[in-house]
Asker: 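Would you mind keeping the following structure in view while I ask a few things?
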Amino acid sequence: QTGCECFRFILLNFLLTSLLCIFSSVLDEKLSTGGALRNDFLKELKAQMAAMKKKAADGLPSSNWMPFEINPNLPPETADIVIVGGGVMGWSIAYWLKQKEKFSKKMRVLVVERDPTYSQASTVLSAGGIRQQFSLLENIHLSLESADFMRNINEHLSVVNEDPVDLQFNQSGYLFLASEEVAHIMEQNYNTQRCAGAKVSLFSPQQVKEKFPWINTEGVALASYGLENEGWFDPWSLLNAFRRKAMSMGVIQCFGEVADFRHVKQVLMTKNGEQIDMKTIKSVKVQMLNSLEYQPVECALVVNAAGAFSGKLAKMVGIGLGPKDSLAGFSVPVEPRKRYVYVVHCPDGPGLDSPFLIDYSGVYFRREGLGGNYICGVSPEEAEEPDTSNLEVDHQFFEDKVWPKLANRVPAFEKLKVTSAWAGFYDYNTFDQNGIIGIHPLINNMYFATGFSGHGLQQSPAVGRAVAELILDGEFKTLDLSGLSFRRILTQEPMLEQNIV
Amino acid sequence: FYQHSVCPCPLFIKSSVSFQSLHRCCQRAAVLLVARRHWGSSSASPPSLVSRSLDFLARRFYDVEALLNWKSRIGKDQLRKKNFYYGYTHKLYGPDIASAYYILNLGGGFRFVGQSEWFRADSRGKFNWDFLNYKDTPVEEVDMSHTIINYVGLSNLERQPLRTLKVQGCPEVDDWFLAGLHKFQDSLEELDISHCPRITVGGLAALRNLR
């Protein structure tokens, strides 16, 4: 019925428009010299006819008009892979999924992000450094591969007709200082790093003093310096590059919060008679921002890249809610930890050659720009972790914990002014401070890529590729990251990283 | 990249355009697709008519976009092939001859340690094969100005105790190339990186490694 009416309306409109076009063109030619009032009337009439034409065009089948309003921001009703979390990790996974399955238009990937302003996301609040000086071989390889990716970033992430990607990469290198007690650990790490292919060199205190005369080398027994593939860059550019490229390849972005999962349970019995529930997620309930509207998205796989909030997300599926000593009792050990970053201005500070200096006490600083600004901070002790309900900055923390050690290490920093500060969350892995990559043993289709505790950004390109390989090929092809899977949490064998900042 | 043969007639269009104008457009496109490599719009000068029209077409026709992608990929492949690691030459003749061969292939010039004459390739790419006589002499001074040397190509010059390196006006020398120069930190005395458009401040920080 509506179709019939529409058709009649369109026909009528067409006739009227054509008549008016002929009429007005004839009239315009004749009235070109005078008749201002009649011209105005004609113009108004023309505008109204244009509006009617538009309405008629909307009525045609190929337009987007619907008689009842639908929220255009809703995610699709079905998707093959839902990635929860729109930080650099989530978008890296989305990009690599599409990159590996280039010719298949059939795979629908949806990235759900709950904050379009990214105000609390760890990605954008990070200091943006990349280093290879880790103690765990997997971490070193991840960083090396990510640096390779960033070196050729325009080969990977450039989009036709758009500007090339500029990461503003500062090729400066990290300088780790070690005291007597930890010098032997640093030597061991140096050997591992060299074997893995990282370009690092060890310095004695005299060499450090020679190269960087503004450092006070008191208490330093050994220093480890990165020569290449280390430095810092702009995390927002990397995130946007991944996002732009992934969306150009067809990844769907949705701003909403994952409120619930609908899953089915399969009960298995072990030999000892213990019951294990295997869950399969059937759909994800995505709630729109600031509204009660929601859309259940049926999916085949879910990837948890929610960063600091991954533990909370895992609880929604029921991980960790079983009895304490059973398999179901192991929760995902990722929780948010607040870290402060202070921007200071020091006119006489170290110059262009200053590396990302990390002292053995945990205090770090790096140059920011060319105007004598520096970024510094420290990781607080376990016992004094700040409250994670908000991102308020504690300035007293700078006065008590950061400044004294910083001024001790770099005497020029005795005179400085704090110009700004911010706080961000680490997606802290309370178990062993290393990433968790892989599928959960109790949930058939939930993959995890979280818990990187401060070095997620620098490993994101390589981790994205690893997760894409795991999903599409079923196993790791380029880098073997099976050491970072869930297995170590269930068997309680931590793979500790000794170089966490 | 569509898996059908790219023929001008049935163009796959992105928005509705009448078939007549389509046909005319694609004929014009075939003519316009003569030119240079399609890069982003980050050049200082305003984009030329050619690149603007290519942009316009690529926005509307999938095939034009695919052709442009193909063209830039060919350009990148050529770059990669030229800067490949000369492993075969390395195995047969040793690292010094391999580096020398690489430099001459790219159109640069070099001088051996202890010799005073420079070996260069002329503007047509032809060079003298006399350098093969000097086995086991490392290369001391290298002039790769206006060549397409890049980070990967630098690995071909690895074991040479370079004292002078000139990469003036090289379009592919960027910050990562400068970071890779740390291999020559003990021997390098002169470095010329003027007129390299892709170097930024971040790369200059890498020069702290050189003494």
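Just so it is clear: chains get the letters A, B, ... in the order the sequence lines come, proteins before strands, and each one is counted from 1.
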Asker: What's the shortest heavy-atom distance between Ile193(B) and Leu207(B), and which atoms?
Answerer: CD1-CD1, 4.2 Å
Asker: Which pairs with one or both residues in residues 142-162 of chain A pass ring pair (Phe, Tyr, Trp, His ring centres under 6.0 Å), sequence neighbours excluded?
Answerer: Trp96(A)-Phe149(A), Phe149(A)-His156(A), Phe149(A)-Phe242(A)
Asker: For the aromatic rings, using the six-membered ring if either is Trp, is the centroid distance between Tyr364(A) and Tyr174(A) under 6.0 Å?
Answerer: no
Asker: When you check the gap from the basic side-chain N to the acidic O, do Lys54(A) and Asp58(A) get nearer than 4.0 Å?
Answerer: yes
Asker: Sequence neighbours left out, what pairs pass salt bridge (charged side-chain N to carboxylate O under 4.0 Å, His left out) with at least one residue falling in residues 185-194 of chain B?
Answerer: Arg163(B)-Glu189(B), Asp186(B)-Arg211(B)
Asker: Using only non-hydrogen atoms and a strict under-4.5 angstrom cutoff, which residues of residues 227-239 of chain A touch chain B?
Answerer: Leu227(A), Glu228(A), Asn229(A)
Asker: Could Glu141(B) and Lys166(B) be called an ion pair, given the rule that one side-chain N must be under 4.0 Å from one carboxylate O?
Answerer: no
Asker: Who among Glu155(A), Met150(A), Arg151(A) has the most heavy-atom pairs with chain B under 4.5 Å?
Answerer: Arg151(A)
Asker: Identify which part of Leu181(B) has an atom lying under 4.5 Å from any heavy atom of chain A, answering side chain, backbone, both or neither.
Answerer: neither
Asker: Could you list all the ring pair (Phe, Tyr, Trp, His ring centres under 6.0 Å) pairs where at least one residue sits in residues 141-180 of chain B, not counting sequence neighbours?
Answerer: Phe169(A)-Trp176(B)
